[in-house]
Amino acid sequence: MARSLLFLLLAASSLVGATCKDAVHKLQQTGKANLEVRLAKSTTCTKENLQVRREWGDISKRERREYIAAMLCLMTKPSQLDQTEYPGAKTRYNDFVAVHINQTLAIHGTGSFLAWHRYFTWSFERVLREECGYTGTQPYWNWGKWAADPANSPLFDGSDTSLSGNGLKIDNNEDTDYYPAGPGGGCIYSGPFVK
């Protein structure tokens, strides 16, 4: 499947190349050429084992349910962190939350931001696979695609194939200097993670 996705991606990039002659196209072509060179030199990374991460709305409902099942699995496994350093981490899922919170000030706003998060995401994906039998890739949310109406994105629509709903409206949620009061923000009552 990864192989067919790669060939589909390469075919699509060729189609884009025929219609777009701008800086993004040049970057895409350079990236494609660099990928081909690296793949040719690698003994472990090949076109056959290359995986493509996809946007939540582009994966099937079955794939969403598999991802959700793996997340729920992590939430049942005990923490592997030192409880004297991370007393709030009770589950394997909490391990990732705790590490991210603990590293926030050292990572956010630094030159390491992207590399650290890329490794963090890869580590999370690996744990989903190795400890919970997940076979897909870590999906992402294309914020720009859903920015005008995030509550109706398939990630937050509150269905059994979303990660949650918007939560109950919190009364007296006044506008701040950062963002206006919204329609939710309280406890969630829809989606697969309601407890």
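- Of the possible polar contacts, one joining the E55 side chain to the N142 backbone as a donor-acceptor pair under 3.5 Å is found.
- Under the 3.5 Å distance criterion, the side-chain polar atoms of Q83 are matched with a main-chain donor or acceptor of A89.
- Note that CD of E63 and OG1 of T135 are 8.5 Å apart. Values are rounded to the nearest 0.5 Å.
- Distance check: R118 CZ to S112 OG gives 14.5 Å after rounding to the nearest 0.5 Å.
- Formation of a donor-acceptor pair under 3.5 Å by the T104 side chain with backbone atoms of H100 is found in this model.
- Shortest non-hydrogen contact noted between A70 and C132 is O-SG, 3.7 Å.
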Go through the steps to decide whether Q103 and F120 satisfy the test side chain to side chain contact (heavy atoms under 4.5 Å, CB included), and finish with yes or no. CA-CA 11 Å; Q103 295 294 315; F120 183 81; over 6 Å; no
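- Going from atom CG of L50 over to atom CG of L39 covers 6.0 Å, rounded to the nearest 0.5 Å.
- A 4.5 Å side-chain heavy-atom check between M75 and R92 finds every atom pair outside the cut-off.
- Judged purely by distance below 3.5 Å, without hydrogens or angles, the side chains of Y86 and N102 pair a donor atom with an acceptor atom.
- By the 30° and 60° cut-offs, the orientation of the rings of H117 relative to F113 is tilted.
- Applying the salt bridge (Lys or Arg N to Asp or Glu O under 4.0 Å) test to pairs two or more places apart or on separate chains, those with a residue in residues 150-167 are R65-D160.
- Two residues are said to be in side-chain contact when any heavy atoms from C-beta on lie closer than 4.5 Å; K77 and T91 fail this criterion.
- Residues satisfying the ring-ring contact (aromatic ring centres under 6.0 Å, His included) test with F124, not counting sequence neighbours, are F96.
- Put simply, W143 and I59 are part of the same group of oily side chains (I, L, V, M, F, W, Y) that touch within less than 4.5 Å, one to the next.
- With rounding to the nearest 0.5 Å, the separation of SG in C187 from CG in L168 is 7.0 Å.
- K145 pairs by the salt bridge (Lys or Arg N to Asp or Glu O under 4.0 Å) definition with D58, not counting sequence neighbours.
- Separating the CD atom in E131 from the CD atom in Q80 is a distance of 5.0 Å, to the nearest 0.5 Å.
- The line from CZ of R64 to OG of S162 is 9.0 Å long, rounded to the nearest 0.5 Å.
- Judged purely by atom type and a 3.5 angstrom limit, R54 has no side-chain atom pairing as donor or acceptor with the backbone of Q138.
- Judged as a ring-ring contact (aromatic ring centres under 6.0 Å, His included), and not counting sequence neighbours, the contacts of Y67 are W56, Y134.
- Minimum interatomic distance between G136 and R129 (heavy atoms only, all atoms of both residues): O-NH2, 2.7 Å.
- Remark: T161 pairs with S159 by the side chain to side chain donor-acceptor pair (under 3.5 Å) rule, at least two apart or across chains.
- Note: the hydrophobic cluster containing L74 also contains F193 (ILVMFWY, side chain heavy atoms under 4.5 Å, direct or indirect links).
- Cluster annotation: W116 is connected to V97 through the hydrophobic network of ILVMFWY side chains, with a link wherever side-chain heavy atoms come within less than 4.5 Å.
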Under the criterion side chain to side chain contact (heavy atoms under 4.5 Å, CB included), I'd like the reasoning laid out for V127 against D95: C-alpha separation, chi angles, the key distance, then a yes or no. CA-CA 11 Å; V127 167; D95 288 353; over 6 Å; no
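- Donor-acceptor pairing under 3.5 Å is lacking for the side chains of N94 and S79.
- With hydrophobic clusters built from ILVMFWY side chains whose heavy atoms lie under 4.5 angstrom apart, L128 shares a cluster with L72.
- F156 and W146 have their aromatic ring centers separated by at least 6.0 angstrom.
- The ring-ring contact (aromatic ring centres under 6.0 Å, His included) check on Y119 picks up W122, with sequence neighbours excluded.
- The main-chain N or O of T46 is found under 3.5 Å from a side-chain atom of N49 such that the two form a donor-acceptor pair.
- Residues Y93 and C73 fail the side-chain proximity criterion, which asks for heavy atoms closer than 4.5 Å.
- The minimum heavy-atom distance linking G165 with I188 is given by the pair O-CG2, 3.8 Å.
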Quick one, E36 with K47, criterion salt bridge (Lys or Arg N to Asp or Glu O under 4.0 Å). Give me CA distance, side-chain angles, the key distance, then yes/no. CA-CA 9 Å; E36 295 289 341; K47 286 183 182 180; 3.3 Å; yes
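- L81 and I101 fall within the same hydrophobic cluster, where Ile, Leu, Val, Met, Phe, Trp and Tyr residues are linked whenever their side-chain heavy atoms come under 4.5 Å apart, directly or through other members.
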